[in-house]
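These notes are about the structure you will find just below.
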Amino acid sequence: MKIFYDYRYAILICTLLLVTSISCMGKVTPPQAVEPVPSERQLAWHELEQYAFIHFTTNTFTGKEWGYGDEQPSIFNPTAFDAEQWVKTISDAGLKAVILTAKHHDGFCLWQSKYTEHSIKNSPFMDGKGDVVKAVSDACRKFGLKFGIYLSPWDRNHSQYASPEYITYYRNQLRELLTNYGEIYEVWFDGANGGDGFYGGAKETRKIDNKSYYDWANTHSIVREISPKAVMFSDAGPDIRWCGNERGFVGETNWNTISVDTLYAGKANIEKLLNHGSEDGKSWVPAEVDVSIRPGWFYHSSEDSLVRTPENLFQLYMQSVGRGAALLLNIPPDQRGLLHENDVQSLLNWKKLIDKAFAVNLAIGAKVEADSYRGKSKTYAASHVIDGNKNTYWATDDNKKEGSLTIDFGKNQKVSYVLIQEYIRLGQRVKKFNVEVWTDNAWKQVAQGSTIGYKRILAVAPVETSKIRINITDSKECLLISNVAVY
Ligand code: FUL
């Protein structure tokens, strides 16, 4: 009888323990977001990482960078125009989208706008029947790239520029572009306003109040209404911000967050602010690094020997994508209407460098362990950083703002790059981290960084090691790391 009772007692205890541990497992609450967080359209944009800019207009034929606005449409006459050559090259180079200057500051329109005569319809190109916006957007669909537009707010041709009527004109053109060329993924609002121009023959300087003249809020709502998936770029967003320079780098410390009311023309250190973002920024407005493959934005034959080398492009990649920003690389077509051979060579060889550097991810198949993980729940275990699933992540307990991940290859491997991604859907967190390698029976620090964000790639001097350790030493809140790769 006694044995029987003990036996029942033991079952009862076991059942209680099981129930408690199951309910404890169930109690591991998901991490809370650290505000602000990205929108769905911004998340989709982050994943593009790198895309092309195309500057092409009458400037291509006059040799200017900023046309005055009095250029004759008759000079626009590419002799071997082939948008598919542009887009195929861009795609082969690993870029994921194209943004085209549908209208630059000179006001000449590359499409058949019904609101102006200053366009391709009065050029000899295809007897005035051509439409470069259509040709490029069609080529993008064909090669599976996304398509975006640049429509310069400043218009040195338009007689009504600086009056309210011009804003109506600008918005009408924006509607044409958003409506007639399929899905638009990004709209690029340039901030330049040089003042003087042709302005329908007035040939004068026109100053506008940048803050009020364009009434941006209402222009933005047109984009949201017609192209809800499109992100909008301008120096200050709303969706994507300028990185503060045209030299091809975002700050090593790069917060996706910034307070838009701190971004106004004339503010001291604005470029530094744009370059780094603000840790306590009130909005999610990530940086885009716009830079040209040549010294100019438009094609000039005198710059044929000054095309960036593949090595230099690789460096730009590390300073933009490698720091959690996007790279917007400008490649200007020449007077034939083709990407020049030198640019094509550089682009394709740059792609080879990227493919070689990031060919084999040594973390796949390695043993990954963390010094702690959220509630000891498998849902947040370290293995999620190598599962190839962007929706899973390693997480620590609330308030645990530091942690280490060890990646053990099981044998010596040559390591040159470490790539880390935060689960930014719940906000950007990490403020400080370092990377160590196991050598001579001890850990040795080989690299360190501050922010991670969507993606961070650290170059380490190529080193032979059997395991590496990533130590996150400071963060806004608990850690959420979705991906780690080692090359
Ligand atoms: C600047 C413009 O003034 C340049 O011409 C170029 O379009 C560049 C991308 O943006 O603000």
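When a ligand or atom number is given, it counts from 1 through the structure's own listing order.
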List for me each residue that meets side-chain contact (heavy atoms from CB on, under 4.5 Å) alongside E341, sequence neighbours excluded, and say none if there are none. R336
Residue K146 excluded, over 12 heavy atoms near NZ under 6.0 Å: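 No.
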Counting heavy atoms not belonging to K431, are there more than 12 under 6.0 Å from its NZ?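 More than 12 heavy atoms, drawn from other residues, nucleotides or ligands, come within 6.0 Å of this atom.
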Classify the ring geometry between F108 and F76 as parallel (under 30°), tilted (30 to 60°) or perpendicular (over 60°).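 Rings of F108 and F76: tilted, 30 to 60°.
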N59 and Y299: side-chain donor and acceptor closer than 3.5 Å?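 Result is no, nothing qualifies.
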Min side-chain heavy-atom separation Y181-C140 under 4.5 Å: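 Counting from C-beta outward, Y181 and C140 never come under 4.5 Å.
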Expected contact list for ligand 1 at under 4.0 angstrom, heavy-atom basis, is F53, H55, W66, H104, H105, Y150, W188, D190, A192, E246, D290, W297
